[in-house]
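For this chain, numbers begin at 1 and follow the sequence in order. Being a predicted model, the structure only gives us computed values, none of them experimental. Excluded from the calculations below are hydrogen atoms, water molecules and symmetry mates; all remaining heavy atoms, backbone and side chain alike, are included.
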Amino acid sequence: MRRLIVILGIPIDDLNMEQALDRIERFIQIGRSTGKTHQIATVNADFVVKAMQDPELRYLLQEADMATADGMPLVWGARVLGVQLEDRVAGADMVPALAERAAKNGYSLYFLGSAPGIAAQAAALLQAQNPDLIVAGVKSPPYSSVIDMDPGIIAEIKAAKPDVLLVAFGNPKQEKWIGMYGRELGVPVMIGIGGTLDFIAGNTKRAPVWMQRIGLEWLYRMVQEPRRLWKRYAVDLVHFGTFFLRQWWAMRKGNVPTAVLPDTDMLLLDDKAILNIHGKLMVDEYEDFAAVSQEALTHTAQIIVNLAHAEFLDSAIIGALVGLTKQARDAGGDLVLAAVPPVILHTLSLLRLDQFFVIVADTNCGLNYSFVDGKTAVSTSSYPETPDNYSPTRYQPEQK
């Protein structure tokens with residue numbers, strides 16, 4: 001089960017570089033054997049701020065198969081919320097490491113995006129460092145919107161059949177482009193890598209390692225390109241800081257002393273699994289919750305999480321619910337939250353997750369929920385005053 005922490009509504013995977021590369025390899029193997037595609041995002045504070053105002057981007061990041069912490073503010077934010085992330089996994093570090101791993105194991109890479117000549121230069125440098133690296137293709141299309149991009153690019157990538165597609169269009173364009181064309185392409189792994197190819201090619205210089213380690217890489221970049229970056233960093237600082245403080249306060253306010261011991265039990269009923277959560281569930285209970293969740297998934301992909309007796313969920317447990325939801329949906333089912341207490345519902349709303357989860361009034365409504373067509377039958381005779389905010393909801397991305 002993915003170990004996730006939710007920061008301002010975006011699930012971030014808790015892993016280090018080697019674990020990230022291992023997961024990419026698993027995705028490649030799954031994709032080769034089944035045709036399943038996987039979208040990976042390297043998330044920084046700017047991604048999070050944009051996603052707060054862009055429902056389509058937020059949906060794509062929440063549904064991503066892996067989202068790494070690209071920026072130190074996310075690592076620091078996780079610590080404040082009580083989770084020590086394994087490491088920062090930046091795209092600029094991941095791509096060279098992935099190229100080395102790909103060369104050893106025979107995986108092919110396709111380089112898409114960046115300014116003319118940059119992608120080809122980056123691919124050549126990586127191939128020089130890793131002579132066995134298979135470059136399936138290189139393409140730097142002229143600037144255009146996602147909708148107006150040359151459809152011939154899709155045909156070229158499909159013909160090349162890469163194992164990994166590296167998309168350097170910048171956020172949110174690269175995430176939306178992958179979200180739009182990913183299934184049609186059929187590439188096992190697609191990663192939005194932003195300006196990584198510029199770093200590799202030497203077109204943009206990275207900050208010294210000591211500045212990266214203490215989180216001052218943004219300052220180094222702003223000094224290089226002050227006119228382009230100062231406003232972005234200022235906006236990110238204000239919005240990320242403000243909303244992160246709101247999340248921290250909501251977590252702190254909800255985490256009140258209680259005599260109820262944290263616990264999760266499972267009940268199988270009508271081909272559905274009901275997970276009953278009791279008390280405050282926090283990062284210390286993550287392993288126990290994950291064990292029960294995975295046991296439920298061995299029986300069914302139709303999961304109901306009963307929160308009637310829950311008092312508090314921290315960011316790690318909310319992340320676990322996001323990961324469990326993704327697993328259930330990938331298996332053809334879904335996850336339903338039932339009887340969500342107001343304090344937890346407020347937190348989910350603050351994190352923009354009230355539209356990610358299906359939320360119903362109680363377990364009976366959950367049992368009546370159709371995990372196929374997404375509809376819920378509610379017995380009005382039993383529950384005449386079901387509040388409107390418990391109606392099932394899920395954001396659907398814009399149709400392009």
Side-chain angles (χ1 to χ4, degrees), residues 1-9 11-12 14 77-85 246-269 272-300 302-328 334-354 356-367 369 383 386-387 389-390:
M1 184 175 178
R2 292 170 66 186
R3 193 177 185 94
L4 296 166
I5 180 171
V6 174
I7 299 180
L8 302 187
I12 304 297
D14 181 9
R79 291 174 187 169
V80 172
L81 294 173
V83 178
Q84 186 79 24
L85 288 178
R246 289 181 63 189
Q247 177 178 349
W248 172 80
W249 179 252
M251 292 294 175
R252 183 178 183 274
K253 186 178 180 180
N255 185 14
V256 295
T258 176
V260 179
L261 294 176
D263 184 36
T264 304
D265 62 68
M266 180 182 69
L267 172 67
L268 295 174
L269 185 64
K272 298 177 177 66
I274 302 175
L275 302 181
N276 296 300
I277 294 180
H278 302 265
K280 297 190 304 180
L281 219 58
M282 302 173 66
V283 65
D284 291 342
E285 289 76 45
Y286 184 95
E287 297 299 336
D288 291 339
F289 177 75
V292 175
S293 300
Q294 296 310 295
E295 173 64 19
L297 279 174
T298 64
H299 297 283
T300 178
Q302 302 179 39
I303 310 293
I304 301 168
V305 178
N306 178 23
L307 296 173
H309 302 291
E311 298 180 2
F312 175 76
L313 306 177
D314 75 359
S315 295
I317 298 299
I318 293 175
L321 289 173
V322 171
L324 182 60
T325 302
K326 185 71 167 62
Q327 284 184 288
D334 209 334
L335 179 143
V336 172
L337 299 182
V340 183
V343 64
I344 295 177
L345 188 62
H346 172 73
T347 300
L348 295 180
S349 177
L350 177 67
L351 298 178
R352 272 70 166 184
L353 288 171
D354 52 334
F356 174 81
F357 292 115
V358 175
I359 300 175
V360 298
D362 47 48
T363 53
N364 278 352
C365 294
L367 290 170
Y369 175 76
Y383 305 99
T386 300
N389 60 352
Y390 278 112

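The backbone N or O of L8 lies less than 3.5 Å from a partner atom in the side chain of Q247, making a donor-acceptor pair. Side-chain atoms of D314 come within 3.5 Å of backbone N or O of V283 as a donor-acceptor pair. Judged by distance alone, the side chain of T325 and the main-chain N or O of L321 form a donor-acceptor pair under 3.5 Å. With hydrogens and angles disregarded, no donor-acceptor distance shorter than 3.5 Å links the side chain of Q302 to the backbone of Y369.
Across all non-hydrogen atoms, the minimal contact from P341 to A310 is CG-O, 3.4 Å. Closest non-hydrogen pair, V360 versus G366, comes out as CG2-N, 3.8 Å.
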Under the criterion side chain to side chain contact (heavy atoms under 4.5 Å, CB included), I'd like the reasoning laid out for L367 against I274: C-alpha separation, chi angles, the key distance, then a yes or no. CA-CA 9 Å; L367 290 170; I274 302 175; 4.2 Å; yes
Go through the steps to decide whether R2 and Q327 satisfy the test side chain to side chain contact (heavy atoms under 4.5 Å, CB included), and finish with yes or no. CA-CA 9 Å; R2 292 170 66 186; Q327 284 184 288; over 6 Å; no
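Using a 4.5 Å heavy-atom cutoff, the side chains of M251 and I318 are in contact. Two residues are said to be in side-chain contact when any heavy atoms from C-beta on lie closer than 4.5 Å; H278 and D265 meet this criterion. Counting heavy atoms from C-beta outward, L281 and D288 have side chains that stay 4.5 Å or more apart. Proximity of L269 to I304: side-chain heavy atoms (C-beta onward) are nowhere separated by under 4.5 Å. Between L275 and L324 the shortest side-chain heavy-atom distance falls below 4.5 Å. Using a 4.5 Å heavy-atom cutoff, the side chains of F312 and T347 are not in contact. A heavy-atom distance below 4.5 Å is not found between the side chains of L348 and F356. A heavy-atom distance below 4.5 Å is not found between the side chains of I7 and S315.
Note that the CG atom of L337 and the CD1 atom of I303 stand 11.5 Å from one another [nearest 0.5 Å]. For the atom pair OH of Y286 and CE of M1, the computed distance is 4.5 Å after rounding to the nearest 0.5 Å. Taken to the nearest 0.5 Å, the CG atom of L313 stands 4.0 Å off from the CD1 atom of I344. In this structure, CG on L350 lies 11.5 Å from CG on L345, to the nearest 0.5 angstrom. In this structure, H309 NE2 and I277 CD1 are separated by 12.0 Å, a value rounded to the nearest 0.5 Å. Considering CG of N276 and OG1 of T363, their distance stands at 7.5 Å, rounded to 0.5 Å.
Qualifying salt bridge (Lys or Arg N to Asp or Glu O under 4.0 Å) partners for R3, counting only residues two or more places apart in sequence or in other chains: D14, E287.
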